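Some notes on the structure that comes next.
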Amino acid sequence: MFNFIRLHQLNIMLALCAFSTSMMVMLFITRFLPKKRKWIIINMEIIATLLIFFDRLTYIYDGVTTATGYIMQRLSNFIIFFMTSAIVFYFNFYLTDLLTNEGKLKIIPRRLRITCFASAIGMLLAIIAAFTGLYYYFDENNVYHRGSAFFVCYIIPSVCPIIQFSAIFMHRKCFSKFINTAIFLYTFLPIIIGLIQFFAYGISIVNMSIVLVSVSLYFFTYLDINDEVVRAHNVEIQGFKAERENMKRIFSQAAASFAKLMEKNNREQLGHSERTAIMAKLIAQKAGRSPEDCERVYYSAYLCDVGAEALSCIKEYPFLSETALYVGERYDGKGNKYSVKGEEIPEFARIVTVAKDYENMINDTTLSKFFVREVFIREAGFKYDPVFSKAAYQLLDLGTNNGVFDKMSKNTETEILCHTYRENVTTGIPVEQNITEISFDCENIENDKIFSVPSIILFDSSDGQVYETSKAIDAHKYLEYGELWFDSHSISTSAKNMEIRNITETDGDDNSSYKIIAGRFEDHLLIKMKSPQKSFEAIVALPSESKAAYIGITGENVHVSNIQIKKTEQKFEKNDIPRITEKATYINRIESDIPNVQIVNPLSKFTKGIEIKEQLKLYFHAQSLPDANLVWHCPYIILYYSDDKKIYGKNYREYAMIKLDGEENGSPKYATNSFIMRRTENFKSWDIWEEQNKAGYECHIEFFKDGNEVTLQTQNKGIYIQNTTRINDGNKEVFVALSGDQVAITDIRVR
């Protein structure tokens, strides 16, 4: 390396001169530094530039015996030795400026005053050496030689920086990491290089290092100021954010005050505006709108009942009055107050229209979630924007199994009081294949002469509750199968058949203890009932296997208490319950490439999986079961992968689930789906569509596979569906299976 430096030393020095000069120019036009520090660093750069420039001249004029050579050799060496102490002198000014500003010191450390004095002595000795040969001398050929006291010239630039560093080290926590790094380099790099040069005669690596550390001083100062600017900017941004949040909070409070004023005289509407606003924001988020738009639609929904005229005064937020003006307008334009429809209706108004109806329906205790969900499916593209209608029922589906709701809205009560017949009925207890044991105590609340007996109601409803009014019965799909009394009396209403068997008189010691054992297999229930006086069995045939069954405990003139429910691991199997009616089947049709399948509950059965290669066509006959009463009681198409090719098999991954009513319920975990659904001119109404499904129809589905993309197309009874599934997990095999809810799929052909 030393040979390389010796060979190219003059060129390196010239480059460093240019570099240092450029830094001086940059410093002159720099605005971010305090004026005093700026001029200190400029002078340090000037000194470093002069040092390396005249050091280069000493090599050029060494041994040149002309008059010019004689003068330049002496002048150059003098400036070098003088500037070596001068740069220590100005470094002292730099450190003093740091300590008095960033360090907040009022008294300059004594050590810095000592180094200032010592560097001045060093400059004086450089002047003396120029005339006495103390540090160097020249022979008759004008060649430079070290003097007898040459080592003295190293004392000032070596010892003083260490003393300076010791003074600054005590206050290092006052300075940034950039400033501390710059001071460390400026102090120790020239010293280390100086020790090397003491033994490597003939090269000027010390002066080169001084230029480099001087430039680094500017560089690290720039980084420090830049870091400070960033910190200040962040503080400013945080301040803006805090101010914005404060303004947002004030606006929210004002909006809440407006809403409460509107709801003041209507107890039923208390909280309606806030709930609608929350729902509108959730719908916007689900539909992929920006955070800013989600906030705007929130306040638009909050204030939409205030009135467009009052909101028009808020000039900064014109969307508030615009939303209030158009909220409630139908997407298809029918019956609208203003001549707008579809995308012409402002987007916030379309979102809030969905949110208001969602909030109203979901908080109406007479309406079921099934009813609300079906409204948004049926009215998509008619009353509601289909994008936001879909977002609404997808939000409703959260926490469910592909839109299948938990029917139990609350836990069964532990006691009830009935003066009159069916005055109170417990929340339904599900009757399932696993046997359930129920026990309770019952007392007559009148006297022994008054008729008093508990009974149970067998029923189905969307939320496991018993309903009496026609509106609630329709909304919750309520169906009562019959009623059983503990004295063995019974009433069969909607049950297909009911038989009472094995009536036995009992002589129990406890006159208040009652027990029920209940379970089912397919469409048959077995209910064993025991009272202090009598025990018997009831076999109940449900209208179909798809129907759920609940037991509600009630009675007349009774106090039922200590109700306990135990679900056992024991199950009723095929021959445990005698059949009293024939099993209804709708798959006694021709069977083609794949076995027929009857699906009585959501996703309860599936066809076998078929691999999709380049192209696949599926043909089948679909028929909704007689009990089907929702638009999504139809076939489902499932794209998936599993090691054994089975639904829910080993390493199962679901890519898409398409319902033929026009829903896409795929999980985004393993794939992304681009879904298109539109109603063609053949679509008349959902009621007609449901009738056609119950009558049965031929369905044709085409699949196209290209790399990791699978596209399916189908059209049935006026509903066109196209979906492209992009598979993201790297699997090359993709399978399709058919399933559904309340549907029979037969005559399945693969082409």
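Please read these numbers as outputs of a predicted model, since none were measured by experiment.
Summarising the geometry of Asn434 relative to Thr568, their closest heavy-atom pair is ND2-O, 3.1 Å, with the distance given to 0.1 Å.
Using a 3.5 Å distance cut-off with no hydrogens or angles, the side chains of Asp627 and Ser544 do pair a donor with an acceptor. For the 3.5 Å distance criterion, the side chains of Glu483 and Ser455 qualify, holding a donor opposite an acceptor. A donor atom on one side chain and an acceptor atom on the other are not found under 3.5 Å apart for His476 and Gln465. There is a side-chain donor-acceptor pair under 3.5 Å between Gln742 and Ser546. A donor-acceptor pair shorter than 3.5 Å can be found between the side chains of Asp747 and Ser592. In this model, no donor atom of one side chain and acceptor atom of the other lie less than 3.5 Å apart for Asn557 and Tyr421.
Using cut-offs of 30° and 60° for the angle between ring planes, the Phe606 and Tyr648 rings count as perpendicular. Below 30°, between 30° and 60°, or above 60°: for Phe382 and Phe683 the angle between ring planes is below 30°, a parallel geometry. The aromatic rings of Tyr619 and His700 sit parallel to each other, their planes meeting at less than 30°, with 60° as the upper class boundary. The aromatic rings of Trp632 and Phe370 lie parallel to each other, with less than 30° between the two planes, well short of the 60° mark. Ring geometry for Tyr514 against Phe440 counts as parallel: the plane angle stays under 30°, on a 0 to 90° scale with 60° as the upper cut.
Judged by distance alone, with hydrogens and angles left aside, the side-chain atoms of Thr746 form no donor-acceptor pair with the main-chain N or O of Asn596 at under 3.5 Å. Using modelled atom types, one side-chain atom of Thr493 and one backbone atom of Gly482 make a donor-acceptor pair closer than 3.5 Å. For the pair Arg330 (side chain) and Asp332 (backbone), a donor-acceptor distance under 3.5 Å is absent. Between the side chain of Thr276 and the main chain of His272, a donor-acceptor pair closer than 3.5 Å is present. Remark: side-chain polar atoms of Gln598 are paired, donor with acceptor, to backbone N or O of Tyr586 under 3.5 angstrom.
Annotation: side chain of Ile551 is in contact with side chain of Ile527 (closest heavy-atom distance under 4.5 Å). Within the 4.5 Å cutoff, the side chain of Gln533 has no heavy atoms near those of the Asp487 side chain. When side chains are defined from C-beta on, Gln623 does not count as touching Ile745, because their heavy atoms never get closer than 4.5 Å. At least one side-chain heavy atom of Phe521 sits under 4.5 Å from a side-chain heavy atom of Gln433.
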Given the rule in the side chain to side chain donor-acceptor pair (under 3.5 Å) test, do Ser439 and Gln564 qualify, once you have shown the distances and angles that lead to the verdict?
CA-CA 5 Å; Ser439 64; Gln564 297 185 26; 4.5 Å; no

Step by step, work out the ring-ring contact (aromatic ring centres under 6.0 Å, His included) result for Phe459 and Tyr478.
CA-CA 7 Å; Phe459 68 95; Tyr478 179 75; 5.7 Å; yes

Set out, in order, the CA-CA distance, both residues' side-chain angles and the distance that settles ring-ring contact (aromatic ring centres under 6.0 Å, His included) for Tyr640 and Tyr652, then state yes or no.
CA-CA 7 Å; Tyr640 69 98; Tyr652 178 76; 5.7 Å; yes

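Residues satisfying the salt bridge (Lys or Arg N to Asp or Glu O under 4.0 Å) test with Arg378, not counting sequence neighbours, are Glu374, Asp687, Glu690. By the side-chain hydrogen bond (donor to acceptor under 3.5 Å, both in side chains) test, Asn716 is found to be paired with no residue, residues two or more places apart in sequence or in another chain being considered.
Screening Lys390, Arg373, Lys659, Lys286 for a salt bridge (Lys or Arg N to Asp or Glu O under 4.0 Å) involving Asp397 leaves a single residue, Arg373. Applying the ring-ring contact (aromatic ring centres under 6.0 Å, His included) test between Tyr384 and each of Phe376, Tyr358, Tyr393 identifies Phe376 as the sole match.
Summarising the local packing, NE2 of His489 is surrounded by 12 or fewer heavy atoms from other residues, nucleotides or ligands at distances under 6.0 Å. Atom CD of Glu582 is surrounded by 12 or fewer heavy atoms from other residues, nucleotides or ligands within 6.0 Å.
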